[in-house]
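Working notes, structure below.
Computed from heavy atoms alone, side chains included, the values below leave out hydrogens, waters and symmetry copies.
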Amino acid sequence: MAFVIETYPFAEIETKWQKLWEKEKIFETIENPAKPKFYVLEMFPYPSGKLHMGHVRNYTIGDCLTRFLRMNGYNVLYPMGYDSLGLPAENAAIEKGVNPKDWTLARINEMREQQKRMGFSYDWEREIITCDPEYYRWNQWLFLKMFESGLAYKKEAPVNWCDSCGTVLANEQAEGGVCWRCNTIVKTKKLSQWFFKITHYVEELLSRLDELKGWPENVITMQRNWIGKSYGTEIEFQIIDDTRKIRVFTTRPDTVYGITYLVIAPEHPMALDLVKNAKYEEQVIDYIALTGRKTEQERSSTKEKSGVFTGRYFINQFTGDKCPIYVADYVLMGYGTGAVMAVPAHDQRDYEFAKEHQLPIKTVIVPWVGEPPDDRAYEEPGKMIESAQFTNMDSETAKNAITDYIENQKWGKRTVQYRLRDWLISRQRYWGTPIPVIYCDKCGIVPVKVEDLPVILPEGAKFTGKGNPLETVKEFIETECHKCGNKARRETDTMDTFVDSSWYFLRYISPDSKDKPFESRRVNYWMPVDQYIGGVEHAVLHLLYSRFFTYVLRDLGLINFSEPFTNLLTQGMVCMPTFYVPSLGYVLPEEVENNIHKPTGRPVEIGPSEKMSKSKKNTVDPGRIIEKYGADTSRLFILFASPPTKELEWSDQSVEGCFRFLNRVYRFVYKFKDKINAHERNLIPETLHARTINRKLHQTIKKVSLDIKGRFHFNTAIAAIMEFVNELYKWEITEKDFPFLKEVIEKLVLLLSPFAPHIAEELNLMIGGKSFVCLKEWPQYNTLIAKEETITIVIQINGKVRHKLEAPCDITENEAKDIVMQDEIVKTKIQGKEIRKIIYVPGKLVNIVLG
RNA sequence: GCCGGAGUGGCGGAACUGGGAGACGCAGUGGACUCAAAAUCCACCGGGGCCUCGGCUCUGUGCCGGUUCAAUUCCGGCCUCCGGCACCA
């Protein structure tokens with residue numbers, strides 16, 4: 001055995017097994033009623049370039065779980081696809097003059113290649129690509145279904161508009177109020193847009209959150225906040241010298257006796273009406289125009305509350321007072337009724353506005369003890385004053401009493417408001433699903449006939465960076481109305497890409513389905529998704545839209561369940577640590593390498609970790625890590641460094657440690673492979689030391705199984721395997737041990753295989769294993785073998801650990817107390833002191849409480 | 001401002017139900033092997049004090065207090081950091 005292995009030949013091994021897996025098609029899945037089904041879904045990537053560490057982490061978690069479940073007898077559906085419509089491709093077209101389709105397909109190929117290099121066990125036969133017309137035709141099909149049932153509709157709405165690019169932007173493309181491409185400040189512009197009526201399901205979206213026991217609490221909370229249900233009262237106020245009333249929404253009916261004015265939003269339909277041909281008309285028109293030019297950001301960030309008087313008054317029917325009506329942009333048209341009753345004494349915003357415009361402030365609630373503040377609004381509950389028959393009541397009680405009174409007087413009613421708005425799906429962009437409608441002068445909006453789907457994105461659009469490229473394709477726009485035969489114009493808006501991802505998990509199930517988006521029978525077998533894995537950034541958007549789509553599909557009779565994702569795991573981010581170097585400040589690890597402080601051994605202070613992102617140039621390229629250490633090491637590091645839901649801090653040294661571990665395993669098996677092959681397997685350990693190994697083996701199987709199952713603590717599972725390998729190195733192996741060693745190594749390889757599948761296959765082959773490891777059965781543990789022969793009894797005196805004793809594990813309470821009290825060391829420690837009581841925790845400890 | 005989550009050695013993290021704080025890995029230290037180095041293998045590794053070198057002892061899980069025989073874990077009050085939402089009436 002002169003031959004010394006430097007490092008194990010991971011590159012060769014990994015390529016070899018990836019090819020074999022693919023050749024044998026072992027990861028292809030079909031419905032199988034004989035096995036329990038399990039659907040593992042990962043948030044499919046947008047193919048903007050190469051895989052980044054976030055992807056790698058997401059898929060490594062999913063693959064490890066999938067492999068574990070397969071070995072445990074589950075029929076696992078584990079698909080992959082590409083969310084490939086969207087802005088980066090169009091941007092590349094504008095910047096590099098390439099065709100978005102070619103660019104996207106090239107990126108997909110790169111990405112798929114890297115995923116295969118990581119050894120992920122997807123059923124590639126089910127791959128879906130959303131920019132394929134055979135995929136997006138079903139977006140259009142679903143749109144038509146929703147249009148038919150009134151769930152898709154068109155209306156005029158304010159949207160983010162960039163002057164320089166001449167186009168509408170999605171909220172996420174107008175971050176910080178500026179256009180992501182040219183940095184122009186975005187404006188709000190009113191345009192006719194397509195919406196999905198998600199608000200139709202608002203109550204169900206909210207109430208079914210309680211069913212989602214397998215979702216993280218924070219995601220549930222975020223969705224609940226986003227939906228924003230609030231209970232309140234609608235009240236109408238009579239406008240003086242007018243037949244009309246103004247309707248407001250409030251959650252504080254207890255403050256109605258403190259109303260001193262009323263505010264309507266600039267977009268409120270009555271705003272202009274109220275001042276028509278009156279003294280204040282010009283002032284109000286100017287103000288509305290000014291607001292229209294403001295960005296959403298400017299409107300909400302300014303401290304001072306702007307607004308103008310309309311010259312009109314209303315009657316506060318509670319007090320009989322005549323109060324002014326204002327227009328101000330701190331009131332939003334999109335929430336409630338677009339008008340508010342202003343109670344400056346008890347609402348901070350109203351307070352600030354009243355101060356600015358010298359409006360009266362009338363206190364109607366005071367604290368039960370102490371004085372109300374005089375420099376701000378008093379928003380807490382308290383004692384009612386100057387509120388007619390409600391005076392002296394507790395304000396919380398008065399809320400109900402006053403609302404009853406309002407309802408009796410027919411001045412208003414109890415009502416519920418939501419923050420959730422309908423989903424704006426129109427995009428003035430090329431690289432998206434064309435919305436399948438045409439506009440006919442005679443017939444109006446005409447949906448495309450189902451048999452004419454898909455409406456295909458035309459080639460030959462001009463990508464100038466200005467406007468919607470679809471507008472430049474005459475042959476696309478010009479069409480004829482299938483109702484009347486006249487010339488008609490095709491819709492050039494495309495759908496938000498979140499439409500694609502709202503049902504992709506159903507398409508995986510029957511990716512070749514020709515006459516329906518999916519086969520209901522098969523969908524009902526696989527769905528719902530048993531484990532969804534992805535980033536928390538989709539907590540609201542994608543996860544809410546998918547829930548909405550599932551309800552829609554259920555109501556269309558296509559599926560028989562309501563919630564798409566039973567369990568959700570939101571993985572933590574991947575971070576790069578920074579180091580503090582006095583001369584440079586906080587820097588990334590590679591810069592420390594080149595710095596004088598490290599060679600001198602002087603410790604560098606660790607700075608705050610930064611999220612990996614391309615813009616900060618602090619990313620670790622997965623490709624480089626795979627090349628240097630292999631896919632197995634990369635997978636092992638990602639799973640070992642921290643539990644999946646926590647942030648993962650990148651560490652090159654820790655990667656090296658994982659690589660060392662795999663080498664340690666490889667060397668051990670390599671050393672004994674000939675002996676193992678020369679012997680038949682024996683499950684029974686023949687030596688004393690081997691029996692200890694057997695116990696440790698069963699303990700390890702138990703720990704690894706339980707850590708993965710339900711808990712997803714891959715890090716501690718790997719730690720247990722490492723501990724076991726450390727034990728193996730301490731084992732003085734004799735000739736008698738080889739048959740049992742064979743059994744030990746077989747089990748070890750099985751335990752390792754979900755984490756490091758390539759090396760596991762290779763080691764299996766090395767010890768004469770026949771079939772693929774990943775198709776074998778997960779090892780079972782025997783509780784009796786795993787059980788320790790003796791237990792350690794911890795002896796505490798007054799709750800502090802003072803001594804330990806070994807005892808047989810079947811020891812009774814009295815026996816345990818006896819041996820503890822007979823122990824010489826214990827005797828000396830408690831000598832001369834009164835024993836108040838002795839606490840016994842079975843199999844664990846004895847606590848002697850002294851007086 | 002509101003809603004979540006987290007604070008444990010030099011570092012990443014363990015401790016599952018209130019019962020031994022620091023598993024496993026990294027970094028570090030010492031030893032074996034080597035002409036030497038790397039690699040590998042073995043051992044040590046929170047801090048302070050005592051010491052006959054076997055141990056003994058005090059202290060320690062963001063801070064202050066409480067419950068308990070016993071608290072990283074439960075309760076109350078703070079501090080810091082991270083994430084989400086934010087003129088939502």
Taking the six-membered ring for Trp and the single ring otherwise, decide whether the centroids of [X] and [Y] are under 6.0 Å apart.
X        : Y        : value
A/Phe353 : A/Tyr326 : yes
A/Tyr729 : A/Phe668 : yes
A/Tyr629 : A/Phe637 : no

Pick base, sugar-phosphate or nothing for [X], based on heavy-atom distances below 4.0 Å to the nucleic acid.
X        : answer
A/Val801 : sugar-phosphate
A/Gly336 : nothing
A/Asp350 : nothing
A/Tyr418 : nothing
A/Thr250 : sugar-phosphate
A/Val536 : nothing
A/Arg660 : sugar-phosphate

[atom1] of [X] versus [atom2] of [N]: gap in Å, rounded?
X        : N     : atom1 : atom2 : answer
A/Gln653 : B/G10 : CD    : C1'   : 12 Å
A/Ile721 : B/A14 : CD1   : P     : 16 Å
A/Ile825 : B/G55 : CD1   : C1'   : 10 Å
A/Tyr670 : B/C41 : OH    : C1'   : 19 Å
A/Ile797 : B/C56 : CD1   : C1'   : 13 Å
A/Phe668 : B/C42 : CZ    : C1'   : 16 Å
A/Ile638 : B/G12 : CD1   : P     : 18 Å
A/Asp254 : B/A89 : CG    : P     : 13 Å

### Task
For A/Arg836 and A/Asn798, test the side chains for any donor-to-acceptor distance below 3.5 angstrom and give the result as yes or no.
no
To the side chain of [X], which of [options] is closest?
X        : options             : result
A/Arg667 : B/G19, B/C41, B/G4  : B/C41
A/Phe640 : B/U40, B/G12, B/C42 : B/G12
A/Arg419 : B/U40, B/A89, B/C85 : B/C85
A/Ala641 : B/C26, B/G12, B/C24 : B/G12
A/Met222 : B/G84, B/A89, B/C24 : B/G84
A/Asn715 : B/A89, B/A14, B/G84 : B/A14
A/Lys829 : B/G13, B/C56, B/C24 : B/C56

Say you pick atom [atom1] in [N] and the same atom in [M]; how far apart are they, in whole Å?
N     : M     : atom1 : answer
B/G83 : B/G30 : P     : 41 Å
B/G65 : B/G12 : P     : 28 Å
B/A23 : B/G10 : P     : 14 Å
B/C45 : B/A21 : P     : 16 Å

### Task
Specify the residue among A/Ala720 and A/Gly338 whose closest nucleotide of RNA chain B lies further upstream toward the 5′ end.
A/Ala720
### Message
Heavy-atom nearest nucleotide on RNA chain B for A/Arg711 versus A/Met573: which residue maps closer to 5'?
### Response
A/Arg711
### Message
A/Glu380: which residues meet the salt bridge (Lys or Arg N to Asp or Glu O under 4.0 Å) condition with it, sequence neighbours left out?
### Response
none
Which nucleotide, if any, forms a Watson-Crick or G-U wobble pair with [N], using both distances under 3.5 Å?
N     : result
B/U73 : none
B/G46 : B/U59
B/U67 : none
B/C85 : B/G1
B/G18 : none

### Task
Name the orientation of the base relative to the sugar in B/G9: syn if the glycosidic angle is within 90° of 0, else anti.
syn
Side-chain ion pair, [X] and [Y], N-O less than 4.0 Å:
X        : Y        : result
A/Glu813 : A/Lys817 : yes
A/Lys305 : A/Glu352 : yes
A/Arg224 : A/Asp210 : yes

At a cut-off of 3.5 Å, list every protein nitrogen or oxygen paired with a nitrogen or oxygen from nucleotides 58-62 of chain B, distance to 0.1 Å.
{"residue": "B/C58", "atom": "OP1", "partner": "A/Arg802", "partner atom": "NH2", "Å": "3.1"}
{"residue": "B/C58", "atom": "OP2", "partner": "A/Arg802", "partner atom": "NH2", "Å": "3.2"}
{"residue": "B/U59", "atom": "OP2", "partner": "A/Lys800", "partner atom": "NZ", "Å": "3.1"}

### Query
Reading nucleotides 69-76 of chain B from the 5' end, what letters show protein touch, with B for base, S for backbone sugar-phosphate only, - for no heavy atom under 4.0 Å?
BS------
### Query
Counting N and O atoms only, with roles assigned by atom type, does the side chain of A/Tyr287 sit under 3.5 Å from a partner on the main chain of A/Ser306, one being a donor and the other an acceptor?
yes
### Task
May I ask you to test the A/Met333-A/Pro269 pair for a side-chain heavy-atom distance under 4.5 Å?
yes
### Query
Which atoms form the tightest heavy-atom contact between A/Thr233 and A/Thr415, and what is the distance?
C-CG2, 3.9 Å
### Summary
Which of A/Glu788, A/Glu727, A/Glu723 passes salt bridge (charged side-chain N to carboxylate O under 4.0 Å, His left out) with A/Lys696? Answer is A/Glu723
